[in-house]
Protein chains: 2
Amino acid sequence: MEATLPRELLRDRTAAIARALADPKRLCVLETLAEGERSVSDLSREVGCQVPNMSQHLSVLRTAGIVATRREGSTVFYRLADPQVLEIYRLLQQVAG
Amino acid sequence: MEATLPRELLRDRTAAIARALADPKRLCVLETLAEGERSVSDLSREVGCQVPNMSQHLSVLRTAGIVATRREGSTVFYRLADPQVLEIYRLLQQVAG
DNA sequence: TCAGGAGTTGCGCAAAGACGCAAATATGCG
DNA sequence: CGCATATTTGCGTCTTTGCGCAACTCCTGA
């Protein structure tokens with residue numbers, strides 16, 4: 001049985017998801033991850049920012065539950081955790097475009 | 001013919017839409033407007049904030065193209081400008097919940 | 001014209017966010 | 001263990017954002 005979240009708390013969490021999407025670099029990360037998992041340094045290179053900065057952006061996305069990680073040796077691979085997010089991204093783009 | 005937006009600019013605009021949705025009070029506004037148009041003071045009362053604050057939130061939403069206005073005398077009515085936004089909101093909630 | 005309700009705008013402040021850089025962790029290997 | 005590579009964390013700074021309050025604009029009705 002799913003506990004029903006109070007309306008207000010749900011709004012806060014919903015806003016938190018939106019906030020996680022409210023940055024161009026993070027959207028760029030999503031575009032890249034849509035093609036498959038990537039390491040932090042991969043993403044840092046493809047998005048064009050420093051590794052620590054990328055790590056922080058990824059932390060925001062992970063906290064929001066948008067991405068998930070897999071560790072392989074000393075490398076951490078990130079992937080999309082929820083495919084719904086791509087649909088949201090697509091709709092946002094449509095509204096934006 | 002639609003001009004095609006450069007990827008990067010589109011990302012910026014997409015992030016801007018997400019940012020406009022990244023606040024609980026503004027989400028509350030959307031919920032209310034989903035039922036029909038409302039004046040600024042209506043919204044201010046239903047959402048529970050001061051009128052100037054509401055006016056600023058509405059300004060954010062209007063700049064993002066999410067709401068539109070209609071003036072009737074000294075009263076300004078706000079309404080949803082793009083029904084797509086409700087679909088986005090629904091999906092965001094789903095990811096959040 | 002003037003009083004008053006309805007909105008908007010300007011200002012100051014506190015909290016949150018983004019970013020670069022340095023330092024700390026973590027993992028694998030010789 | 002000691003070193004190198006991959007990531008994360010901490011810190012200082014600058015910008016952005018949300019909010020309350022006061023001032024200002026608009027419109028309407030006496």
Side-chain angles (χ1 to χ4, degrees), chain A residues 8-9 11-33 36-79 81, chain B residues 8 11-33 36-79 81 96:
Chain A
E8 193 183 318
L9 184 51
R11 257 198 303 268
D12 287 348
R13 295 177 57 159
T14 305
I17 305 290
R19 205 174 315 121
L21 299 177
D23 180 276
K25 288 207 174 75
R26 288 197 290 266
L27 292 180
C28 194
V29 167
L30 295 194
E31 287 174 30
T32 306
L33 292 185
E37 63 176 15
R38 296 281 193 285
S39 71
V40 177
S41 33
D42 284 346
L43 288 168
S44 147
R45 191 172 349 94
E46 300 191 50
V47 171
C49 70
Q50 300 194 255
V51 172
N53 187 1
M54 176 53 64
S55 184
Q56 304 209 77
H57 281 302
L58 289 169
S59 157
V60 170
L61 291 171
R62 193 159 43 81
T63 299
I66 294 174
V67 301
T69 61
R70 172 178 74 87
R71 173 153 227 140
E72 189 176 311
S74 66
T75 302
V76 177
F77 289 98
Y78 281 77
R79 64 177 185 279
Chain B
E8 195 183 318
R11 258 197 301 267
D12 286 349
R13 296 177 55 160
T14 304
I17 304 289
R19 207 174 312 121
L21 299 178
D23 180 275
K25 287 207 175 76
R26 290 198 287 269
L27 293 180
C28 193
V29 166
L30 295 193
E31 286 174 29
T32 306
L33 292 185
E37 62 175 16
R38 294 281 194 284
S39 70
V40 177
S41 33
D42 284 346
L43 288 168
S44 147
R45 191 170 350 93
E46 300 192 49
V47 172
C49 71
Q50 299 194 252
V51 172
N53 187 2
M54 177 51 65
S55 184
Q56 303 207 74
H57 280 304
L58 289 169
S59 158
V60 170
L61 290 171
R62 193 158 44 79
T63 299
I66 293 174
V67 301
T69 61
R70 172 179 74 85
R71 172 155 226 138
E72 190 177 308
S74 66
T75 303
V76 177
F77 288 98
Y78 281 77
R79 65 177 184 280

Shortest non-hydrogen separation from Leu33(B) to Tyr78(B) and the atoms involved: CD2-O, 3.4 Å
Enumerate the residues from residues 51-77 of chain A whose closest heavy atom to DNA chain C is under 4.0 Å, giving them by residue number; use none for an empty result. Pro52(A), Asn53(A), Gln56(A), His57(A), Arg71(A), Gly73(A), Ser74(A)
In Å, rounded to the nearest 0.5 Å, how long is the span from CZ of Arg19(B) to CG of Leu21(B)? 11.0 Å
Would you give me the side-chain donor-acceptor pairs under 3.5 Å for residues 57-68 of chain B, sequence neighbours excluded?
unit_1   : atom_1 : unit_2   : atom_2 : d
His57(B) : ND1    : Arg26(B) : NH1    : 3.1
His57(B) : NE2    : Asn53(B) : OD1    : 3.3
Thr63(B) : OG1    : Ser59(B) : O      : 2.8

Report the distance from atom CD of Glu46(A) to atom OG of Ser41(A), rounding to the nearest 0.5 Å. 10.0 Å
Could you pull out the closest heavy-atom pair between Ala18(A) and Ala22(B), with the gap in Å? CB-CA, 3.8 Å
Going by heavy atoms closer than 4.0 Å, what residues in residues 17-31 of chain B are next to DNA chain D? Arg19(B), Asp23(B), Lys25(B), Arg26(B)
Boundaries of the chain A footprint along DNA chain D (any atom under 4.0 Å from a heavy atom): dA6(D) to dT9(D)
Partner residues of Arg70(A) under the side chain to side chain donor-acceptor pair (under 3.5 Å) criterion, sequence neighbours left out: Glu37(A), Glu72(A)
Think Tyr78(B) has a side-chain N or O under 4.0 angstrom from the OP1 or OP2 of dA6(C)? no
Rounding to a whole Å, what distance do you find between Leu43(B):CG and dT8(C):P? 11 Å
Arg38(A) side chain to Leu43(A) backbone, donor-acceptor under 3.5 Å: no
Any donor-acceptor pair under 3.5 Å from Ser39(A) side chain to Val76(A) backbone: no
Might you point out which heavy atoms bring Ser44(B) and Cys49(B) nearest each other, and give the distance in Å? OG-O, 2.8 Å
Across all chains, not counting sequence neighbours, the side-chain contact (heavy atoms from CB on, under 4.5 Å) partners of Val47(B) are Lys25(B), Cys28(B), Val29(B), Met54(B)
Start at the 5' end of DNA chain C and walk down; is the nucleotide closest to Ser41(B) or to Gln50(A) reached first? Ser41(B)
